[in-house]
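Worksheet: one structure, shown below.
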Amino acid sequence: MKKIGIIGAGQLGQMLGFAGRKMGLDFVFLDPSDDPPAAVIGPVLKYPFDSEQGLAELANSTDIITYEFENVPVAAIERISPAIDVYPPAKALQYAQDRMAEKKLFESLEIPVPGFRPIDSPEQLRQAASEIGLPIVLKTRRLGYDGKGQVVVREAAEIDAACATLGGKDLIAEQWVPFEREISAIGARSVSGEIVHYPLTGNVHDNGILHESRAPADAAEFEGTAQSYLTALLEHLDYVGVLTLELFVTGNGLLANEFAPRVHNSGHWTIEGANTSQFENHLRAILDLRLGDVGMRGAAGMLNLIGTIPDNPEAIAAASGSIHDYGKTPRSGRKLGHITVVADSAADRDAKLRRLAKLLPC
Ligand code: AMP
């Protein structure tokens, strides 16, 4: 039985584990936190993500290594990768960890992006504001997630305070995009180079955190373009695993926001809504198995459970919602679980989502 090592034992690791168990796989995780969600799947080596000893133990006890979040130190991956296969490749992590490098990569692949500038001082931000215009979204280049590490600058008077809030340097200024919708393109590429694309997913964020997803997205006209961008990234990075590209839909077409070198929250609907989930396809890709069929089982929707887990699971099940509770301690703003629905039509799916939303605490 193959053993998969996963760096990170959060909910993504847990869902990879649930999918992998059905494939006869065993798992070992590396995570410094107490009682992480994936502990229900297999042993967790309790070390920091860059611990030499922890990584060596993980490599010694598994056949192949993957990771569930993009802030794994690249040096740690490079240290173990000569001895054991680690997917996705470190190159993908490098780009995903630095918003400047990521934007330049998009440009080099002719994937359109909002205007951007590197920022290391308020003077540079003033210059950027005069060149690309206000509003501007000022973001930390590294370690931002779920809207953390970013500030919208609407007026010149806010420039100094915005820079100070984010630490003054290693920032990126991005043109604020008045998007119509946000979508994600999720695909997988195997060791042998086989590629599959899930139908586009439409996403709604609140305060930078994903709240709901619907697939297929109401964006059929962009399917081909988004898939060509995703394919360009997968091939350029010699990528292995699931990759998610987040895009803004604007009046002038698509603009890329960022990519995640991993399974993604906007793809959770694939567990019930697709013939093969993103989690199974990530594992198939890294094990170089034929990728599974990404066809849909109906119109799918997903609601994130943020901050609280509902105490009326029977009512949610009665409303056709499949509840996934990650087993995390509730905390404000924390992703604790999600609910999926699958329906015969988009209208039916939307009606189910509306009914479910009324049953949720917030
Ligand atoms: P990010 O951490 O870059 O994925 O940003 C989180 C969310 O903030 C996105 O999903 C958008 O809703 C919003 N956002 C980020 N960048 C921009 C931008 N340049 N223009 C408008 N909204 C943005």
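This chain uses plain numbering: 1 for the first residue, then up along the sequence. As the structure lists them, so they are numbered: ligands from 1, and atoms in each ligand from 1.
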What atoms of ligand 1 come closer than 4.0 angstrom to any heavy atom of [X]?
| X | value |
| --- | --- |
| E174 | 16 (N), 19 (N) |
| H205 | 10 (O) |
| K139 | 3 (O), 15 (C), 16 (N) |
| E182 | 9 (C), 10 (O), 11 (C), 12 (O) |
| V137 | 17 (C), 18 (C), 19 (N), 20 (N) |
| W176 | 20 (N), 21 (C) |

Is there a donor-acceptor contact under 3.5 Å linking the side chains of [X] and [Y]?
| X | Y | value |
| --- | --- | --- |
| T276 | D293 | no |
| Y326 | H338 | yes |
| H324 | E272 | yes |

Which bit of Q150 gets closer than 4.0 Å to ligand 1, counting heavy atoms only: side chain, backbone, both or neither? side chain
If we set the cut-off at 4.0 Å for heavy atoms, which region of N257 has an atom near ligand 1: side chain, backbone, both, or neither? side chain
Examine F179 against ligand 1 and note whether any of their N/O atoms are separated by less than 3.5 Å. no
Please say which of N275, V196, T270 ends up in a side chain to side chain contact (heavy atoms under 4.5 Å, CB included) with V294.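 So, applying the side chain to side chain contact (heavy atoms under 4.5 Å, CB included) to V294 and each of N275, V196, T270, only V196 qualifies.
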Which pairs, with at least one residue in residues 240-261 and sequence neighbours excluded, count as a side-chain hydrogen bond (donor to acceptor under 3.5 Å, both in side chains)? R99-E258, K139-N257, E246-H264
I'd like to know if the side chain of N312 reaches the main chain of L359, judged simply by a donor and an acceptor atom lying under 3.5 Å from each other, with no hydrogens or angles considered.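 Looks like yes, one N/O pair under 3.5 Å.
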One thing to verify: whether R79 and D50 come together as a salt bridge, which I'm taking to mean a side-chain N less than 4.0 angstrom from a carboxylate O. no
